[in-house]
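All values below come from the heavy atoms of this structure, side chains included, with hydrogens, waters and symmetry mates left out. As the structure lists them, so they are numbered: ligands from 1, and atoms in each ligand from 1.
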Amino acid sequence: MGILTAIQRFSLHDGPGIRSTVFFKGCNMRCAWCHNPETLSFTPEVLYYQSKCVGCGACAAVCPSHTVKNGKMVYDRAACSDEGRCAQVCFSGALETCGFEADVQRVMDEVMQDADYYARSGGGVTLSGGEVLLQPEFARDLLRALKARGVSTAVESNLNVEYSVIESLLPDLDLVMCDLKAWDEDIHRKWTGAGNERIKRNIEALGRTDKPMIVRTPIIPGVNDNPQEIAAIAAFVSKLPNLMYYELLNFNPLGESKYLALDVENAFSAARPLPEDRLGALADAARATGATVRVG
Ligand code: SF4
Ligand code: SF4
């Protein structure tokens with residue numbers, strides 16, 4: 001069994017071709033800008049989208065952590081047992097339980113519906129998150145089942161685990177996508193809650209395999225949006241013989257509604273994507289190291 005947040009079909013941004021993306025729940029890093037904050041905890045959580053609330057009171061009837069005031073529900077999260085009964089009776093979609101257990105067969109039943117699209121587009125299935133490698137047995141069984149059906153597989157990972165965990169999945173993986181979010185150890189630790197030494201070691205170790213790799217850096221205003229940081233990462237990854245390309249991902253502010261729905265502060269709520277000229281200058285700094293660079 002794995003714990004997931006979603007299975008997204010017809011995804012175009014999580015690897016080549018048309019893909020399905022399986023989002024694992026739970027992460028061992030805390031990137032201050034994470035645009036999937038609902039994937040961080042390993043347990044199911046209730047999201048509350050206040051704009052969708054019609055004030056019907058159905059949730060209050062099943063759980064005392066909900067009250068309705070002035071036509072809108074007020075949610076006392078501290079009193080919530082997270083059983084998700086409220087979401088089951090909320091027909092407006094204002095309350096939603098995020099996180100469900102699934103076995104390999106349940107995931108396969110869903111993703112194999114698009115097998116023809118994968119084959120025709122050069123796509124496949126990507127395991128993402130959250131952090132996939134924190135549920136290694138489930139990930140391995142799922143990857144194995146996909147390969148047995150001839151589906152191309154990829155993983156998106158922070159690589160912040162022991163290398164033996166990564167190695168155990170390699171036989172059933174066609175592509176590894178990973179992030180290196182900052183070169184400077186202090187910057188990385190300050191903004192992600194984790195050091196980057198192990199991540200760098202794992203990237204180097206993967207570079208000694210024949211597994212195609214894509215390394216990415218999300219560009220975060222005030223954190224790593226300077227040519228020194230980006231050039232240092234690019235110089236490092238340019239030495240990987242199996243690197244397909246190094247990708248710069250402009251800042252993505254789309255997580256804001258989820259932070260509000262989880263009632264969690266978003267440290268980057270005011271941040272915006274970099275303008276094209278600044279992003280272009282970072283890409284130039286990366287290309288000057290000899291790396292093959294894409295801007296996403
Ligand atoms: S059940 Fe949903 S729509 Fe009704 S009061 Fe609760 S949150 Fe609002
Ligand atoms: S590693 Fe990914 S999922 Fe985990 S906190 Fe960072 S951005 Fe979010």
### Query
Parallel, tilted or perpendicular for Y48 and Y75, by the 30°/60° rule?
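Plane angle over 60°, so perpendicular.
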### Message
Please verify the inter-ring angle class for F24 with F138; under 30° counts as parallel, over 60° as perpendicular, anything in between as tilted.
### Response
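Tilted: the ring planes of F24 and F138 meet at 30° to 60°.
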### Pi-cation contact, Y118 with R120 (under 6.0 Å, within 45°)
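Negative - R120 is either too far from the ring of Y118 or too far off its axis.
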Lys/Arg N to Asp/Glu carboxylate O, [X] vs [Y], below 4.0 Å:
{"X": "E101", "Y": "R106", "value": "no"}
{"X": "R216", "Y": "D179", "value": "yes"}
{"X": "D172", "Y": "R140", "value": "no"}

### Query
Is it true that N36 lies under 4.0 Å from ligand 2, counting heavy atoms only?
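Under 4.0 Å: no for N36.
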### Query
Which atoms of ligand 2 have any heavy atom of N158 under 4.0 Å away?
1 (S)
### Task
Output the list of atoms in ligand 2 that are nearer than 4.0 Å to some heavy atom of L40, sorted by atom number.
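Listed by number with element: 5 (S), 8 (Fe).
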Identify the closest protein heavy atom to [atom]: which residue and atom is it, and at what distance?
{"atom": "atom 2 (Fe) of ligand 2", "result": "K181 NZ, 4.1 Å"}
{"atom": "atom 6 (Fe) of ligand 2", "result": "C31 SG, 2.3 Å"}
{"atom": "atom 3 (S) of ligand 2", "result": "G130 N, 3.6 Å"}

### Task
Taking the six-membered ring for Trp and the full ring for Phe, Tyr or His, determine whether the centres of Y259 and W33 are under 6.0 Å apart.
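Judged by ring-centre distance (under 6.0 Å), Y259 and W33 do not meet the cut-off.
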### Query
N/O/S of C34 less than 2.8 Å from atom 8 (Fe) of ligand 2?
yes
### Task
Answer side chain, backbone, both or neither: which part of N28 comes under 4.0 Å from ligand 2, heavy atoms only.
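Contact part for N28 vs ligand 2: neither.
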### Query
Is it the side chain (CB and beyond), the backbone, both or neither of C27 that lies under 4.0 Å from ligand 2, heavy atoms counted?
side chain
### Message
At a cut-off of 2.8 Å, what protein N/O/S atoms sit near atom 8 (Fe) of ligand 1?
### Response
C53 SG
### Query
Taking a hydrophobic cluster as the set of Ile, Leu, Val, Met, Phe, Trp and Tyr residues connected by side-chain heavy atoms closer than 4.5 Å, whether directly or through intermediates, do V155 and I166 fall within one such cluster?
yes
### Transitive ILVMFWY side-chain link I3 to V46, under 4.5 Å
no
### Query
Do E131 and S157 get their side chains close enough for a donor-acceptor pair, meaning under 3.5 Å?
yes
